[in-house]
Amino acid sequence: MPGHLPDATGFALTATPAGSAAEQPGTACFATAGPTTAVTLRAGDWLWTGFLVSPAGSTPLPGVATDGPTTVLLAGELYNQDELVRAVGDPKLADAGDAWLLLACLRRYGPHAFRLVNGRFAALAADGGVLVAATDHCGGVPLYLAVGAASVSVATEAKALPTMADGPHGQAVTGLRPLRGTGAVHQVPAGGGVVVEAAAGRPRTRLLRTWTPPLHRRHLPEEEALREVREALDRAVRSRLRTGPAPTAVLSGGIDSSAVAALTASACPGLRTVSMGTDLRDEFREARLVADHLARAHPGPAATGGHTEIRIDTADLLAELPWTIWASECTDPDVVEYLLPLAALYRRLPADRPLRILTGYGADIPLGGMHRDADRLAALDDAVAHDMETFDGLNEMSPVLSGAAGHWTTHPYWDRDLLERLLTLEAGLKRRHGRDKWVLREAVADLLPAETVRRPKLGVHEGSGTTSSFTLLLREHGVPDERIGAAKGAVVRRLYDRLVAGGAHPDEIDLGQETKAALHRPDAPGIEGGTRGT
Ligand code: ATP
Ligand code: MG
């Protein structure tokens, strides 16, 4: 029976043509916590060997479905099961589990099945001699791939790929960029799959695009736009709830997370909310205002499950930098700053039971919420288009960030259906009457305190004081103000090289030493007058 978390949350597997000698790799290193199962599995004409990670309490071969020549491994979950059950015409599949549903879609549509799916997943499928490694429309569960002379290795974390530690060998994969520091490891693009066929014993790859952000825009009457956004957000939230323990929402009291929390509280009883702050800054008052409002709005059996505040000292927050990079495998210093407070928060949640966490992360991208000066609609649309062209590979929504603490997160604003609707709204609905994210604010105004609906945007890195703490660390190392941005990049890349490419564990990292080393490299932007790194 499917539990309240996905059956599998990660994997690292090597596929070799069945019949060839395959060795079981000795270990695999995942940041994702949870029992790791060693697997040797016949999948179509391939042999899969490697490891699966699954939340505690899952089945023996979690996330795997096999029927004759077709085998599917799914790390993550699907959100449009009803549609998929209709597509394959078998109502029995409604309760069979997501891997079985995906398998039925693959039997019917081949690799094109991935075009139908709205989900948060990375998958590996074998159908006879064809292998497909695919991720969802937004690369929500990152997926990495390395192609050897006669084998293909695929993993949800780059550091877990057997080739990672062995240095650069393996084939180039057409259409895919190799990862920093490797010649052989490639990331599967968002809305993409790599199809592999063994031709005369050698794997031949081609890229299959399954989703691309829409470029067109729609003008809708206000009322219609508000109804559409409300209904699509409500669907996105509901499709992310599961029977079992009540979910948790990470709540800042900003409009994005408050809207998600309010719709979750309406959809199921027992919602817990949690808010983080540091000694420098917090949004506790704003978050509590929302939590209290929801508690009053849902009395009796529909009651919410309580609100918690977690304060983290700045020094402890910065100590999470290696964990954040280890988990997200991200090299972008701005994104790492957004993710750091969340990684720190997830690691301070109760570890005794895995949680299903909903977040408001990601709403600003389709709604242009980060661009406060975008009074000109063209500038706002430029910002949205730029963000959609550059999000891929940043791993902003990687589940490993919470997975490192044993929890599963999901991001309703990047639900495929809602994201498409938000992206295609003309910019005048996003900024209206001098307010950013107008259409979202108005769409949920009846569910929240008026103060919350009006509250200006405050980024997670600002509300938690993260930006200031990282800046302070670099000032302490003597970095002048005009070089702080470049220095942050150098530190993040240094940590990535040690942790992801180099295989170190975050607990082995001395942040002070690594910062010094990053700043004093000849190409680094540190105190010795180096030039900006690449
Ligand atoms: P707004 O964008 O209007 O400020 P928001 O605060 O909900 O709304 P972001 O600032 O973009 O959204 O933050 C991204 C997400 O990270 C939030 O939706 C929320 O889920 C989570 N988050 C941000 N700050 C905190 C915090 N201090 N405590 C708990 N969760 C937070
Ligand atoms: Mg905010």
Side-chain angles (χ1 to χ4, degrees), residues 233 236-237 240 247-264 271-291 294 307-312 314 317 320 324 328 334-335 337-349 355-372 383 387 391 396-398 401-402 405 407 409-414 422 430-431 435-445 447-449 451-469:
L233 179 57
V237 166
R240 281 162 173 72
T248 298
V250 279
L251 178 67
S252 64
I255 191 65
D256 309 343
S257 49
S258 301
V260 165
L263 288 168
T264 309
L271 170 72
R272 290 166 196 275
T273 48
V274 55
S275 184
M276 74 77 71
T278 63
D279 46 336
L280 287 180
R281 206 159 174 190
D282 65 66
E283 297 179 71
F284 287 164
R285 193 193 70 77
E286 292 83 353
R288 187 162 286 281
L289 182 74
V290 174
L294 297 181
H307 178 67
T308 312
E309 290 163 357
I310 296 179
R311 196 179 292 282
I312 304 171
T314 306
L317 181 70
E320 299 288 340
T324 306
S328 65
D334 294 334
V335 172
E337 260 186 23
Y338 308 152
L339 299 182
L340 174 60
L342 295 172
L345 171 59
Y346 296 143
R347 282 184 7 100
R348 281 159 182 77
L349 294 174
L355 302 175
R356 168 172 289 268
I357 299 171
L358 280 83
T359 166
Y361 199 102
D364 293 302
I365 298 176
L367 290 170
M370 292 288 270
H371 301 273
R372 294 160 181 154
D387 286 355
F391 79 87
E396 261 185 282
M397 289 170 226
S398 169
L401 203 65
S402 60
H407 306 299
T409 39
T410 177
H411 301 60
Y413 290 101
W414 275 58
L422 293 177
K430 301 178 184 180
R431 186 156 190 105
R435 282 161 67 199
D436 61 14
K437 297 190 272 195
W438 178 86
V439 68
L440 172 64
R441 293 177 189 281
E442 283 301 311
V444 295
L447 299 174
L448 292 168
E451 179 186 332
T452 308
V453 174
R454 280 196 310 267
R455 218 192 135 195
K457 195 221 148 52
L458 191 66
V460 52
H461 53 310
E462 301 162 320
S464 59
T466 305
T467 300
S468 338
S469 340

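All ligand and atom numbering here is 1-based and tracks the order in the structure. Since the model is a prediction, treat every value here as computed from it, not as a measurement.
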| query | Do you know which two heavy atoms are closest between Y413 and G360, and how far apart they sit? | reply | CD1-O, 3.5 Å

Backbone N or O of [Y] within a donor-acceptor pair of the [X] side chain at under 3.5 Å?
{"X": "R281", "Y": "S464", "result": "no"}
{"X": "R240", "Y": "L358", "result": "no"}
{"X": "S275", "Y": "L251", "result": "yes"}

| note | Residue shell for ligand 1, any heavy atom closer than 4.0 Å, reads V250, L251, S252, G254, I255, D256, S257, V274, S275, M276, L342, L345, T359, G360, Y361, D364, K437, K457, L458, G459, V460

| query | Taking C-beta and beyond as the side chain, do I255 and V444 meet within less than 4.5 Å on heavy atoms? | reply | yes

| query | L355 versus R272: any side-chain heavy-atom pair under 4.5 Å? | reply | no

| For F284, which residues count as a ring pair (Phe, Tyr, Trp, His ring centres under 6.0 Å) partner, sequence neighbours excluded? | none

| message | So, using salt bridge (Lys or Arg N to Asp or Glu O under 4.0 Å) as the criterion, who are the partners of E442 when residues are at least two apart? | response | R435

| note | Taking 2.8 Å as the strict upper bound, the Mg ion (ligand 2) has protein N, O or S neighbours numbering 1

| message | My understanding is that only one of R441, R288, R285 makes a salt bridge (Lys or Arg N to Asp or Glu O under 4.0 Å) with E451; could you say which? | response | R285

